[in-house]
J.: 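Have a look at this one.
The structure displayed is predicted, hence computed values, not measured ones. Just follow the structure's listing: the first ligand is 1, and inside any ligand the first atom is 1.
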Amino acid sequence: MRLAPRVTNLKASATVEMTERVRAARAAGRKIIGLSSGDPNIATDPRIVDAATKALRDGDTHYVSSNGNPALRDAVAARELLRTGASYAPTDILITPGGKFALLAALMAVVSAGDEVLVPEPGWVSYGPCIQLCGGVPVPLAMLDRIDIDQLAAAITPRTVAIILNSPVNPTGRVLPQDEIAAVVALAERHNLWIVFDQVYSDLLHEGRFCAPQATPEGSARTLVVDSFSKTFGMTGWRLGSLAVPGGLIKSFQRFMQHSVYCVPGFVQQAGEVALSLYDELVPQYREMFRARQTLAAARLDAIPGVTCVAPTAGFYVFPAVGPADAAVSARWLDALDVASVPGSAFGAAGAGHVRLSLSTSDADLVEAMDRIQRLAQQEGASR
Ligand SMILES: Cc1ncc(COP(=O)(O)O)c(C=O)c1O
């Protein structure tokens, strides 16, 4: 039987595949230190869990509004106003099963067959495949250290419909500065392009200001904002995210929800409301924890000859430069050290020469992983 090229041509997710490999190795008895998955090791706060179980017991087990519960849309709009100053009516917000589905809903609504979408790299592994699922063509552009406007402008063709921006960036942890955001908004205005803005790590900013294209009227008129509860609250498995769209356009995005997943379960949405109400209490602690780990890991890695690592100012990843053979380095850490990571080249050619470590493990395991990596480097140095 034949399968559609839509799925057969799709590249597997390098991060999900690595997580599966780690799962299988653990099942076979190996004690792997997992630094590959973007799943923060935060236990969802018990009050959030209680909200879901209470909602279930109270009968929130049916279809709910496919747009999302009004109370949660209110809370998401209020959070967005505090975060970026962008003012959304709750009716311009769609509650989605995770940020990934918000991204897919955004692309489904703006990409037609053969349309091109510009994707700065290194970038998250799902951008290209989600564009392809919509029949579009991803146009990867190497931009490790900054958003290069000239390169973006040169890549625009009559088929270009959108630019994907992500800040803080997965995998580098870089936070896009205001001048880069403003330049992308101006470019998008000149060429009448959408900006799909993925801010799922924006709550984990350790210093500086978070800048977003939707913060200005010109930007918000052409920006689709992808957000998520996953990374902020340790809620990856709950599948809860949101998409904010310019005023008056939500209906088209809703139709995609109506004919696909229908709605996010009501009890999950009720839990999300409680999560947002606990934001000020919970999120600063999580940030502190991740920042301390990034500082530690970056210092330990940077001290290894041949490795360069600077602690990013956001998120929970570090992205050390390890020399040209990033895939071999990552494989060796897994095979010889039982330390799982993701080669930087999985995030596009511009990520080659780096390895992404997700500091989503206990502090003790992180120190142990750093000890193992350092010992291996010493052994390899001595045998050279
Ligand atoms: C950059 C980026 N965007 C979006 C997501 C989607 O996360 P979720 O679907 O769990 O909200 C991820 C998850 O790893 C990510 O790294």
J.: Need the ligand 1 atom indices (1-based, order shown) with element for anything under 4.0 Å from a heavy-atom of Tyr201.
T.: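 Result: 1 (C), 2 (C), 14 (O), 15 (C), 16 (O).
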J.: Going by the atom numbers of ligand 1, which of them fall below 4.0 Å from some non-hydrogen atom of Gly99?
T.: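 What qualifies from ligand 1 is 8 (P), 9 (O), 11 (O).
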J.: Enumerate the atoms of ligand 1 whose separation from the nearest heavy atom of Tyr127 is less than 4.0 angstrom.
T.: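 Those atoms are 1 (C).
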J.: Does a donor on one side chain and an acceptor on the other come within less than 3.5 Å for Ser37 and Ser358?
T.: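 Checked: Ser37/Ser358 side chains show no N/O donor-acceptor pair below 3.5 Å.
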J.: Val200 near ligand 1, heavy-atom distance under 4.0 Å?
T.: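 Checking ligand 1 against Val200, which is what was asked, there is a heavy-atom contact under 4.0 Å.
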J.: Where is the nearest protein heavy atom to atom 3 (N) of ligand 1: which residue, which atom, and how far?
T.: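 Minimum-distance protein heavy atom for atom 3 (N) of ligand 1 reads Asp198 OD2, 2.5 Å.
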J.: Give yes or no for whether the N/O distance cutoff of 3.5 Å, strictly under, is met between Asn170 and ligand 1.
T.: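 Yes, since at least one N or O of Asn170 sits under 3.5 Å from an N or O of ligand 1.
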J.: Which one of Lys100, Met235, Lys231, Arg239 has a non-hydrogen atom at the shortest distance from atom 14 (O) of ligand 1?
T.: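 Minimum heavy-atom distance to atom 14 (O) of ligand 1 goes to Lys231.
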J.: Going by the salt bridge (Lys or Arg N to Asp or Glu O under 4.0 Å) test, which pairs reach into residues 88-101, not counting sequence neighbours?
T.: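 Found none.
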J.: Number the atoms of ligand 1 from 1 as they appear, then name those within less than 4.0 Å of a heavy atom of Ser228, with their elements.
T.: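 Here the atoms of ligand 1 in question are 8 (P), 11 (O).
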J.: Between Asp203 and Tyr286, is a side chain to side chain donor-acceptor pair (under 3.5 Å) present by the stated rule, with each step listed?
T.: CA-CA 10 Å; Asp203 290 317; Tyr286 301 152; over 6 Å; no
J.: Flag the pair Met143 / Leu152 as yes when at least one side-chain heavy-atom distance between them is below 4.5 Å, and no otherwise.
T.: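 A side-chain contact exists here, since the closest heavy-atom pair is under 4.5 Å.
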J.: Considering only protein heavy atoms, which is closest to atom 15 (C) of ligand 1, and at what distance to one decimal place?
T.: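 Heavy-atom neighbour on the protein nearest atom 15 (C) of ligand 1: Trp124 CE2, 3.4 Å.
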J.: Could you tell me if any non-hydrogen atom of Gly98 lies under 4.0 Å from any atom of ligand 1?
T.: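 It does, in that a heavy atom of Gly98 comes within the 4.0 Å cut-off of ligand 1.
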J.: Do Gln132 and Asn9 get their side chains close enough for a donor-acceptor pair, meaning under 3.5 Å?
T.: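 The criterion, which ignores hydrogens and geometry beyond distance, is not satisfied for Asn9 and Gln132.
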J.: Do Glu80 and Thr84 get their side chains close enough for a donor-acceptor pair, meaning under 3.5 Å?
T.: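 The answer is yes; a qualifying pair exists.
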J.: State if Phe347 counts as touching ligand 1 under the rule of any non-hydrogen atom under 4.0 Å.
T.: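 Under 4.0 Å: no for Phe347.
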J.: As an exercise, identify every atom of ligand 1 less than 4.0 angstrom from a heavy atom of Ser230.
T.: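 Going through ligand 1 atom by atom, the ones under 4.0 Å from Ser230 are 8 (P), 10 (O), 11 (O).
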J.: Taking the cut-offs as 6.0 angstrom to the six-membered ring centre and 45 degrees off its axis, would you call Arg356 and Phe347 a cation-pi pair?
T.: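 Negative - Arg356 is either too far from the ring of Phe347 or too far off its axis.
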J.: Looking at Thr223 and Val225, would you say the former's side chain and the latter's main chain have a donor-acceptor pair under 3.5 Å?
T.: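 Answer holds: no.
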